[in-house]
Amino acid sequence: HCYDIVIGSGLIAQAVSKIKHYLYQKSSHQKIRLAIVTDKNVAAFHLNTLQTKLAENEIYTLPIIVEAGEQSKSFPILQNVIDKILSARLERGDSIIALGGGVIGDLAGFAASIIRRGMHFIQMPTTLLAQIDSSVGGKTGINSPYGKNLIGTFYQPQCVITDIDVLGTLPSREFRAGYAEMVKYGLINQPHFFEWLEKNWQKVFSKGPIQIEAIARSCQFKADIITHDEYETGQRTLLNLGHTFGHMLETATIYDSNRLIHGEAVAIGIILAHQFSEQLNLISPTVTQRIKAHFKTVGLPTQLQDIPGKLPNAETLMTFIAQDKKVSQNNLTFILTRALGQSFIAKNVSPNAVLTFLKQKLMKS
Ligand code: NAD
Ligand code: ZN
């Protein structure tokens, strides 16, 4: 399934023509009807602009506004979204727009994939993370008490409309967290992209052509990987660089009031994956130091000491890793690296080696 990702400035305002272009062509006397799923924060800044433009073009919209945050990826909220769409009698040929970050994209995409066995779906991602990561690749879903993202589908949108203007209202902490995932793309297998980011990061952080280029290159990179491995049986696993340690830290800090957000946990996770690679004599410490220096420059955390609050002991941290879905039997799968931007999938990592490594890291903190 092939679809366009349109990236630029002023797109929310121009969304009408894009939406008309990408949607199912209805006969001219029928009105286009759209449900816009969004969260309270995004609605406050951007819903009105979008709705007004659509209304001017006689496009009927049904706004569905949920609470901001991960807790909206749940069955009760999903049911609420579905009920609102069904009670407004939106049909299969009508569409759902996800206007928001990854939470909204995952929730609305999942709803779109199961209502009437699949409604048209358009992504309008509003966080950097959603623009470069979650809106590309077609993973949708909600969380379960047994873990994050355990219930969901693979469902591709009709198109993705990425407006960089909306990043202007995104809290800078959220922007930096998304940036960690952008750096990750360079570190997976594009050292030149990492070097380009080292030079251009300030322009990536402000609105303009370099920011658009960085987003486009990231989407292209993710799209390339996914085209070859849509259902994550091989190379797509590389996208998990920094995520095994990252998820471990997210789980460990989940109840802290000042908990890590995903991209911050991934930044520390990336450094830990490199330090672990050092310990296995795969890379020299200079590689890790260089990445660490870049993360520090942009204001991302890089080490366990940067985490506010006390972490559990190494044994407990290991149980969080074992809950992760990348574990099979007694061996752990990790993304490790052979050089800057040369990551690979290591399938037989011994849990004991990881435990020892974590003990050392905790001792230093
Ligand atoms: P998010 O959707 O919770 O957004 C972060 C915060 O920013 C929220 O408070 C939101 O209200 C606010 N916000 C969003 N856009 C804004 C804007 N333009 N201006 C002001 N505030 C704005 O979080 P996220 O980091 O975008 O996404 C995280 C989610 O994405 C997780 O649930 C994760 O599992 C999922 N994810 C999915 C995929 C995938 O492939 N489907 C990939 C990565 C992550
Ligand atoms: Zn991630």
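Note that ligands are numbered from 1 as they come in the structure, with each ligand's atoms numbered from 1 the same way.
- The parts of Val103 lying near ligand 1 are both backbone and side chain, judged by heavy-atom distances below 4.0 Å.
- Between Ile115 atom CD1 and Ile85 atom CD1 the span is 4.0 Å, to the nearest 0.5 Å.
- Protein heavy atom nearest atom 25 (O) of ligand 1, with residue, atom name and distance: Leu129 CD2, 3.7 Å.
- Between Tyr185 and Phe221, the two ring planes are tilted [angle within 30° to 60°].
- Classification of the Trp201-His294 ring pair by plane angle, with boundaries at 30° and 60°, yields perpendicular.
- Below 4.0 Å from some heavy atom of Lys148 lie the following atoms of ligand 1, by number and element: 31 (C), 32 (O), 33 (C), 34 (O).
- Which parts of ligand 1 touch Ala68 is read off a 4.0 Å heavy-atom cut-off, strictly below it: atoms 9 (O), 11 (O).
- Residue contacts with ligand 1, taken as heavy atom pairs separated by less than 4.0 Å, involve Thr126 via backbone and side-chain atoms alike.
- For Phe357 and Phe245, the distance between ring centers is under 6.0 angstrom.
- Atoms of ligand 1 found under 4.0 Å from any heavy atom of Lys73 (numbered from 1 in listed order, with element): 31 (C), 32 (O), 33 (C), 34 (O), 35 (C).
- Atoms CG and CZ, from Leu129 and Phe175 in turn, are 11.5 Å apart once rounded to the nearest 0.5 Å.
- For His262, the closest heavy-atom approach to ligand 1 does not fall below 4.0 Å.
- With a 4.0 Å cut-off on non-hydrogen atoms, Lys222 touches ligand 1 through its side chain and not its backbone.
- Taken together through direct or relayed side-chain contacts under 4.5 Å among Ile, Leu, Val, Met, Phe, Trp and Tyr, Ile271 and Ile261 form parts of separate hydrophobic clusters.
- Defined by atom type and a distance below 3.5 Å, a donor-acceptor pair is present between the side-chain atoms of Thr140 and Thr153.
- Remark: ligand 1 atoms within the under-4.0 Å shell around heavy atoms of Asn149 are 34 (O).
- Of all atoms in ligand 1, listed by their number and element, those nearer than 4.0 Å to a heavy atom of Glu174 are 5 (C), 6 (C).
- Listed by number with element, the atoms of ligand 1 under 4.0 Å from a non-hydrogen atom of Asp133 are 42 (C), 43 (C).
- Aromatic rings from Tyr155 and Phe110 are positioned such that their centres are separated by 6.0 Å or more.
- The protein heavy atom nearest to atom 31 (C) of ligand 1 is Glu70 OE1, 3.4 Å.
- No donor-acceptor contact under 3.5 angstrom links the side chains of Gln158 and Tyr3, judged on distance only.
- Under 4.0 Å from ligand 1, not a single heavy atom of Lys40 appears.
- With sequence neighbours left out, the side chain to side chain contact (heavy atoms under 4.5 Å, CB included) criterion links Tyr60 to Arg33, Leu62, Ala88, Leu90.
- The side chain of Asp106, and not its backbone, has at least one atom closer than 4.0 Å to an atom of ligand 1 (non-hydrogen atoms only; side chain from C-beta on).
- Under a 4.0 Å criterion applied to the non-hydrogen atoms of Gly102, ligand 1 contributes the atoms 2 (O), 24 (P), 26 (O), 27 (O), 29 (C), 30 (O).
- With ligand atoms numbered from 1 in the order given, ligand 1 contributes 9 (O), 10 (C), 11 (O) to contacts under 4.0 Å with heavy atoms of Asn41.
- Excluding waters, the protein N/O/S atoms found under 2.8 Å from the Zn ion (ligand 2) are Glu181 OE2, His243 NE2, His262 NE2.
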